[in-house]
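Note that these values count all heavy atoms, side chains included, but never hydrogens, waters or copies made by symmetry.
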Amino acid sequence: ARASVSRPRAGASSCLAVALGLWLGGTPSACRDVADSRPNILLMMADDLGIGDLGCYGNKTLRTPNIDRLAEDGVVLTQHIAAASVCTPSRAAFLTGRYPIRSGMVSSNAFRVLQWTAAAGGLPTNEITFAKILRDQGYATGLIGKWHLGLNCESPRDHCHHPQAHGFDSFLGMPFSMMADCARWELSEKRAGLERSLGLWVQVLAVGSLTLAAARLTRLTSSWLPALGAALAAAVLLTAARFVGHLILHADCFLMRNHTVTQQPLDLDRATPLLLHEVSSFLQRNKHGPFLLFVSFLHVHVPLVTTKGFLGRSRHGLYGDNVEEMDWMVGHILDTLDQEGLADRTLVHFTSDHGGCLESRLGTNQYGGWNGVYKGGKGMGGWEGGIRVPGIFRWPGVLPAGRVIQEPTSLMDVFPTVVQLGGGQVPQDRVIDGRDLLPLLLGTAQHSDHEFLLHYCQRFLHAARWQQRDQDPTLWKVHFMTPIFQPEGAGACYGKVVCPCIGEGVVQHDPPLLFDLSRDPSESHVLTPDSEPRFHQVVGRVRQAVEEHQRSLGTVRQQLGTLNNLWRPWLQPCCGPFPLCWCDTEDQGQ
């Protein structure tokens with residue numbers, strides 16, 4: 001929670017009446033021009049940012065003055081919850097307002113996110129994003145930065161999952177994701193694992209080749225072909241192991257402008273100024289509005305690419321430097337809004353796709369975020385540290401500055417909120433799990449429309465929360481499964497990329513674990529039937545809600561399953577004849 005609450009600015013009450021008029025369908029004559037104009041919408045999402053990394057959420061040692069200023073001038077949500085604790089499903093839910101299990105952006109195996117740009121999985125074409133709806137309402141729509149929701153289905157240029165197939169008029173960014181392998185770090189998402197696997201097969205084939213050669217020399221076999229074949233296969237795999245890092249660099253770490261690959265591989269040193277320049281250009285081109293701009297930061301995911309001016313400035317090493325640089329980027333964007341006269345006509349939202357990654361650590365150096373008092377982090381389906389994210393909204397003169405909301409809200413709520421503000425209609429042909437935030441943001445509603453929120457890890461339900469409002473209002477949290485920390489009591493799964501969702505690394509609880517988040521937000525004190533008289537009542541009511549939810553689920557294809565999540569060479573985007581994937585057509589002066 002924030003230490004202080006600033007007072008509303010002068011004149012806010014009259015414009016609050018305008019906002020109330022908008023919500024209730026009225027348009028006071030004195031403010032009709034304002035009420036009749038739909039706001040511009042600027043959404044900013046960090047990658048892997050911990051809620052405890054920001055000053056406005058209690059951090060005292062990292063400097064985030066621009067995000068803190070945004071919070072002081074706007075509304076802060078203290079229980080803003082991501083629909084998943086890893087990026088691909090969380091971002092799918094953000095764009096569609098639906099749990100990722102409804103769109104198939106989950107799997108039943110170890111694949112938590114899209115693994116390759118050249119995989120066939122991605123956000124299905126029949127899903128409706130807020131960008132699609134607002135584009136149809138006359139908004140100029142743009143995405144700058146990270147996508148990670150797929151690209152192609154059947155050919156390297158069909159772009160069925162591309163941002164422009166999902167409602168964005170323009171796109172500049174990475175169709176995949178920033179990752180440590182883009183900088184050949186010792187920390188590795190897949191390079192190190194692939195090298196180990198290939199190396200193991202090289203050893204197996206080499207031993208097999210020697211064994212077959214010995215058999216031929218002792219005349220146990222009559223042909224050299226098996227031995228030569230095994231030796232050749234070992235040589236091919238050894239070569240692949242040596243070059244797999246270069247393959248990943250070119251296959252996944254590249255830049256697209258709309259449908260064209262313009263920089264392959266990505267020039268890490270130029271990425272930040274290039275993306276900031278594009279944000280300014282978009283705002284200047286579309287300042288007469290209305291526009292929707294989604295700025296999807298590459299910060300603060302490893303490898304923590306940071307420009308020289310911010311290196312060594314923070315008290316928390318490279319991660320802290322990267323957070324402070326991102327805060328500077330937010331300030332630059334907000335300054336551009338001011339310079340173009342757009343601030344008062346723009347709803348701004350800042351958040352993160354999920355919690356900070358505790359496992360991003362080498363030795364004593366921590367390269368992931370801090371999740372404050374909340375247990376766990378990225379990849380943990382139920383613990384608060386993986387799913388509780390910053391939630392800041394600013395609309396000067398409309399939303400009351402300094403308001404703090406301690407009700408449960410979801411990243412999925414952004415969908416119906418911006419759709420209705422933009423004059424669109426929330427789809428009626430499918431389940432939308434998000435709820436309109438505007439009444440809560442304005443203060444015309446005291447409680448969230450979410451009685452229950454469910455917390456999945458892949459397709460497995462790990463936890464659920466219940467906001468009980470009758471009798472003694474309480475926010476309950478029930479855990480059906482939790483990951484086994486390594487080492488025991490460490491609070492994370494060190495030695496792994498993230499904690500698992502199912503299998504030997506997970507404990508299934510019967511009876512489930514129960515916490516009272518109202519009094520125990522850090523989930524430190526497990527309640528039992530002996531310590532909590534309402535234990536069976538609470539667990540029974542949550543189970544009932546889970547059953548009702550699961551009856552609403554349809555059968556959809558798993559986009560992150562093995563078949564859709566393997567590298568397919570024929571789907572690989574390449575700016576030259578494959579495998580000569582190298583180009584840079586972005587302006588060197590930016």
Results of salt bridge (charged side-chain N to carboxylate O under 4.0 Å, His left out) for [X] - residues two or more places apart only:
X      : result
Arg157 : none
Asp53  : none
Glu407 : Arg469
Asp48  : Lys378

**Message:** Any salt bridge linking Arg102 with Asp433? Criterion: basic side-chain nitrogen under 4.0 Å from a carboxylate oxygen.
**Reply:**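 Asp433 and Arg102: salt-bridged.
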**Set of side chain to side chain donor-acceptor pair (under 3.5 Å) partners for Thr307, sequence neighbours left out** =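 Thr307: side chain to side chain donor-acceptor pair (under 3.5 Å) contacts with Glu325.
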**With sequence neighbours excluded, residues passing side chain to side chain donor-acceptor pair (under 3.5 Å) with Glu384** =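 Glu384 satisfies side chain to side chain donor-acceptor pair (under 3.5 Å) with Arg388, Arg465, Lys477 once adjacent residues are dropped.
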Would you give me the side-chain donor-acceptor pairs under 3.5 Å for residues 161-170, sequence neighbours excluded?
{"unit_1": "His161", "atom_1": "ND1", "unit_2": "Leu123", "atom_2": "O", "d": "3.0"}
{"unit_1": "His161", "atom_1": "NE2", "unit_2": "Ala120", "atom_2": "O", "d": "3.0"}
{"unit_1": "His162", "atom_1": "ND1", "unit_2": "Gln164", "atom_2": "N", "d": "2.9"}
{"unit_1": "His162", "atom_1": "NE2", "unit_2": "Asn258", "atom_2": "O", "d": "2.7"}
{"unit_1": "Gln164", "atom_1": "OE1", "unit_2": "His259", "atom_2": "NE2", "d": "3.0"}
{"unit_1": "Gln164", "atom_1": "NE2", "unit_2": "Asp169", "atom_2": "O", "d": "2.6"}
{"unit_1": "Gln164", "atom_1": "NE2", "unit_2": "Asn258", "atom_2": "OD1", "d": "3.4"}
{"unit_1": "His166", "atom_1": "NE2", "unit_2": "Leu123", "atom_2": "O", "d": "3.0"}
{"unit_1": "Asp169", "atom_1": "OD2", "unit_2": "Thr141", "atom_2": "N", "d": "3.0"}
{"unit_1": "Asp169", "atom_1": "OD2", "unit_2": "Thr141", "atom_2": "OG1", "d": "3.3"}

**Prompt:** Would you say the side-chain atoms of Thr64 and Asp68 include a donor-acceptor pair closer than 3.5 Å?
**Reply:** yes
**Item:** ring-ring contact (aromatic ring centres under 6.0 Å, His included): pairs with one or both residues in residues 68-90, sequence neighbours excluded
**Value:** His80-His349
**Pairing residues for His455 by the ring pair (Phe, Tyr, Trp, His ring centres under 6.0 Å) criterion, not counting sequence neighbours** = none
**Item:** By disulfide (SG to SG under 2.5 Å) - contacts of Cys182 (at least two apart)
**Value:** Cys253
**Asked** What residue pairs, at least two apart or across chains, pass salt bridge (charged side-chain N to carboxylate O under 4.0 Å, His left out) with a residue in residues 349-359?
**Response**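 Every pair satisfying salt bridge (charged side-chain N to carboxylate O under 4.0 Å, His left out) with a residue in residues 349-359: Arg91-Asp353.
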Donor-acceptor pairs under 3.5 Å, side chain of residues 331-340 to any protein atom, not counting sequence neighbours: which ones?
{"unit_1": "His332", "atom_1": "NE2", "unit_2": "Ser280", "atom_2": "OG", "d": "3.4"}
{"unit_1": "Thr336", "atom_1": "OG1", "unit_2": "His332", "atom_2": "O", "d": "2.9"}
{"unit_1": "Glu340", "atom_1": "OE1", "unit_2": "Lys287", "atom_2": "NZ", "d": "3.3"}

